[in-house]
> 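Below you will find the structure I want to go over with you.
Below, chains carry the letters A, B, ... as their sequence lines are ordered, and counting in each starts from 1.
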Amino acid sequence: MNYDFNEIEAKWQKYWAENQTFKAANNSDKEKFYVLDMFPYPSGAGLHVGHPLGYIASDIYARYKRHKGFNVLHPMGYDSFGLPAEQYAIQTGQHPADTTRVNIDGGFDKEGNEIKGYRKQLDVMGFSFDWSREVRTSNPDYYKWTQWIFIQLFNSWYNNDSNKAEDISTLIALFEKEGNTTVNAVSDEDIEAFTAEQWKGFDTKKKQEILLQYRLTYLADTEVNWCPALGTVLANDEIVNGVSERGGHPVIRKKMTQWSMRISAYAQRLLDDLTTVDWPQPLKDSQTNWIGRSQGASAIFNVKDHDDKIEVFTTRPDTIFGVSFMTLAPEHDLVSKITTPEQKEAVEAYIEATAKRSERERMADVKTISGVFTGAYAEHPFTKEPIPIWIGDYVLAGYGTGAVMAVPCGDQRDYDFAKHFNITIPNIFEGVDISEEAFADKGKTVITNSDFLNGLPYKKAMKLAIYELEKIGHGKGKINYRLRDAVFSRQRYWGEPFPVYYVDGMPQMIDAEHLPIALPEVEKYLPTETGEPPLGNATIWAWNTETNEVVDNSEINNTTVFPLELNTMPGWAGSSFYFNRYMDPNNENEIFSKEAINYWQDVDLYIGGSEHATGHLLYARFWQKFLFDKGVVPKNEFAKKLINQGMITGTSALVYRINLKVVEKSKIILREKGEAIIPKEAFKYISVKSNIFASYKLLDSISSKTVTSSNSVITAENIELAIKLMSIFKVEKNIIDLINDGSHILDISYDCIRIDVNNVDASDKIIDFGKLRDWNDFQHGNFIDDIGVIIKNVGEFTTGREVEKMSKRWYNVVSPDSICVEYGADSLRLYEMFLGPLEQSKPWNTAGITGAHGFLKKLWRLYVDDNGVKVTDTEASKDSLKTLHKTIKKVEEDIENFSFNTSVSTFMIAVNELSSQKCTSREVLEALIILVSPYAPHIAEELWNKLGHSESISTAPFPKFESSHLVESSKEYPVSFNGKMRFKLELPLDLSKEEIEKTVMEHEKTQKQLAGRTPKKVIIVPGKIINIVG
RNA sequence: GCUCGAGUGGCGGAAUUGGUAGACGCGCUGGAUUCAAAAUCCAGUUCCUUUGGAGUGUGGGUUCGAUUCCCACCUCGAGUACCA
């Protein structure tokens, strides 16, 4: 009986689906365990072998936990709203809902190409997902709850006293009682103060305007990152190096009315609670950086001859006496007010120039120092000295207050600015030379020339400076965060609609009972001619407050029927709570039942890529904390443990298009640095652009210089091969002779051309030349094989290999489907794990899979031969039991440590050992197949079934490790001399140190090693090692 | 520039608390089987000047003993980018 993996895998996948083997119950006596994969976006390109890496790891863990007796929740679904589907809709006119459905469920695209679909691709890999819990963020019964959470955020404010989100009604009650002056809330800046009496006198609109400044999601004019090419705003984390993350389009700053999320209210808690989760340190570091907490002081400087004040944030209030100028961001509100008439022209020109520069230019060019004096002066809060006020684009409008007190002696940027514009640089540090650069070492700081701060070190000076600033009413201690409130509006079609309509320009929430507000149909997915978002094209997009229905726009009367919000929500909205929704995904009345959330609580293991570090993972933590404050979820953090799986890169296959040059040696001019200059007259022969392709091995054997994709010229040293090559190029004999006599050299230049990796075998050789010639470039190409002969139809042609990102453009994409057809899902699963540690990035090379596949065949033969099952009830040998139990121990440790690669090796060793022991014992083999089952579930089910079990193996108890089987009576000691192992010696383990020493010293090999010397010392660690020093 | 991570055979990688470096697999070499190939099986495979010796990016240090700990440097990768 052969191992027919295709049949076996199809059989068990069908069995699992029909029997709902992995359906998790929301009430169980068993302990819960929640294993989650990061939400995939279902793109049309489908999966390549790199994508399932994390899914395989989480599936192994989930299956392991079932064997360990846990009730395991292991769901899967789709983050199905998003930009690519919409861009595709704009290009092809197809509804994004349709293309998204095809991408998930399979079907055909507009060109008629078959799309297999995510679901089918996932199914053939044998994952133990509970598909009854699948969610899609673009389904109305899902986004109903995204809209519901939005309403909850709108109806909440952040109370700094209780340090949590509270219902907006408690804020209104406070306003009614004592106005807003005593309220300790997170809010917009510059809110006008009012008393309780004034509040009661405000009309409804005014009250709403004020409340918006406190709500956790609010509508406000904000400076946003506008991407003209995509026609939408982008969040900070959607911009990389000044261009959009998707598509790489330029981004400009623009002021727009937008929904924002007051995530800044949670900055400190998001930072603090990082210590409570078991997440990778680099991920925590990047969140810490992104939040960017810095402690210091705000200081207020009066502007001379004006009523205005400039507030700055500084982390070095101790250096306040070192201030010699101030710098404002060019966008700062005060600039136009305070600029003197003499400076007006220069200032305006500068502002215009900076506005023109894109964000990217500004970032790329950090070295150029630029700025303009405004002509105005501020007043030092302590010395009352005048301080010139400059503007400069090194000050960012978006950070702190957009203004800095410049202390050139203590800050390098201020120092450079001062030097450049000849501003004085007063020194306030004792015993420090600042003639060359600023001094920023806090630890060594001793303040001088600073009135009451003289002689103090950094920490004391800082405290005293803040105290004195507070005393004169010119500042206070302050903590500043880099984290900005998150812009929540997108000018796109394919996203969640807001449950919002407008009365008199003020946003109103639709009652939760009327949700979901479904995405309307539109003719075009582009912005309207008046520049409104795509929903502006919808004709049925107005809210009737009497019938509580979405109605035709023509009915808008602004008394009972009002216009609806035209923006949609960003991609991260739907993915910020899906892990909770999975607990009770089909609940129509609640986001999830109390029973479900109280049973499942939180995610125990979350696996996904590190690219979500500052996007999804920060926003999801924010929403979780908000829902926690509101008593909706019981946990402050949603995922206890998180693992970032590494990327799988591709191994591209290269062939080399070559050209030849014959150069006269004596005419080459060598420069000092080793560079060679070749004058025109040195060339005796230059080939025309050829269609001749050389094998890697050939080029490699011609030259001692390594052939790489970045270095494109080598010099022939192997004359014999060089002559072969030249004859292929039909170089005349008299030129060939020039090489032969040594007066000339042959330079071979090459371009690397990538070919399909699926046409290359384990030895890097091309499998099918016919297939290769179908490629445009190669139709009339000549291929020169490893020994320098033109290939007709067959031949040994070795390709070069290069590790790079797996991508269509490098022809190095390998799909899991084809691997599953050829080797089976179990082989794929084992091999992906075997490649290396989960967290590390590593290259894929299909060649290696034969190792994993061979293992499964060998495993199969341990149970089954030509006559059927060969497992017997005979007693297991001591050796076999030893093999089994050391395997149990190692595999259990490995899984608990997420070291899946080493357990695959352990299985291989176990099967190798049991095969040579000719083990047929049911006791051993039944336990072994349970161990293998999480990794290779199909073969495990099949063998389990063949052993006579009628139930699935999936909940069979994990074998118990018994140390008694591993007890040894003797040990093969390594005998080292000065730490170097020289020979081994088998000794009983119960020997005393003295006895060991005696035996070792008497040994002939010891005497030979010592060659008559007397050892200085003999180190003996019983059971471990013997080391002889001397 | 800053922060973090990593450097071990031809390749992916293993090595528990400081205790036999290179497990396991690929590839390669030789052999068996076969008309032949595939598949399978067996043996070998870090390097060198091989009765031995060297060796985990480089140079130092701690130690009886270092891939593992400490210091300095080099290289590569990831993140971040004027954050006051």
> Is A/Asn1027 touching bases, backbone alone, or none of the nucleic acid, heavy atoms closer than 4.0 Å?
base

> Considering only side-chain heavy atoms of A/Thr850, which listed nucleotide, B/C83, B/G13, B/C26, is closest?
B/C26

> If you find the nucleotide of RNA chain B closest to A/Lys1017 and the one closest to A/Gly851, which residue's nucleotide is nearer the 5' end?
A/Gly851

> Just checking A/Arg293: base, sugar-phosphate only, or nothing, at a heavy-atom cut-off of under 4.0 Å?
nothing

> Grab the CG-P distance between A/Leu856 and B/A39 for me, whole Å please.
16 Å

> Phosphate oxygens OP1/OP2 of B/U40: is one of them under 4.0 Å from a side-chain N or O of A/Lys857?
yes

> Within the structure shown, what part of the strands sits under 4.0 Å from A/Ser294 by heavy-atom distance: base, sugar-phosphate, or nothing?
sugar-phosphate

> Within a radius of less than 6.0 Å around NZ of A/Lys870, do more than 12 heavy atoms belonging to other residues, nucleotides or ligands occur?
yes

> The side chain of A/Pro837 is closest to which nucleotide in this list: B/U20, B/G13, B/C83?
B/G13

> Give the nucleotide from the list B/C41, B/U80, B/C4 with an atom nearest to the side chain of A/Arg482.
B/U80

> Between B/G25, B/U17, B/U20, which nucleotide gets closest to the side-chain atoms of A/Lys1024?
B/U17

> Considering heavy-atom distances to RNA chain B, does A/Asn289 or A/Thr315 have its closest nucleotide positioned more toward the 5' end?
A/Asn289

> So what does A/Asp764 hit on the nucleic acid, given a heavy-atom distance under 4.0 Å: a base, only sugar-phosphate, or nothing?
nothing

> Can you check whether A/Arg413 has a side-chain N or O nearer than 4.0 Å to OP1 or OP2 of B/C83?
yes

> When you get a sec, tell me which of B/C41, B/C83, B/A23 is the closest nucleotide to the side chain of A/Ser905?
B/A23

> So which nucleotide from B/C41, B/C83, B/G65 ends up closest to the side chain of A/Lys858?
B/C41

> From the list B/U20, B/A81, B/A14, which nucleotide is the closest neighbour of the side chain of A/Thr902?
B/A14

> Just compare B/G13, B/C64, B/C82 and give me whichever is closest to any side-chain atom of A/Asp393.
B/C82

> Side-chain N or O of A/Arg801 versus OP1/OP2 of B/C26: is the shortest distance under 4.0 Å?
no

> Using the P atom as the reference point in each nucleotide, state the distance between B/C64 and B/U58 in Å, no decimals.
24 Å

> Checking A/Asp764 against A/Arg801 for the salt bridge (Lys or Arg N to Asp or Glu O under 4.0 Å) test, could you report, in this order, the C-alpha distance in whole Å, the side-chain angles of both residues, the deciding distance, and whether it holds?
CA-CA 8 Å; A/Asp764 300 343; A/Arg801 307 300 313 242; 3.1 Å; yes

> Considering only the C1' atoms, how many Å lie between B/G25 and B/A14, rounded to the nearest integer?
11 Å

> Output the single nucleotide from B/G13, B/G27, B/G25 whose closest atom is nearest the side chain of A/Ser763.
B/G27

> Below 30° counts as parallel, above 60° as perpendicular, anything between as tilted: where do the rings of A/His1003 and A/Phe983 land?
parallel

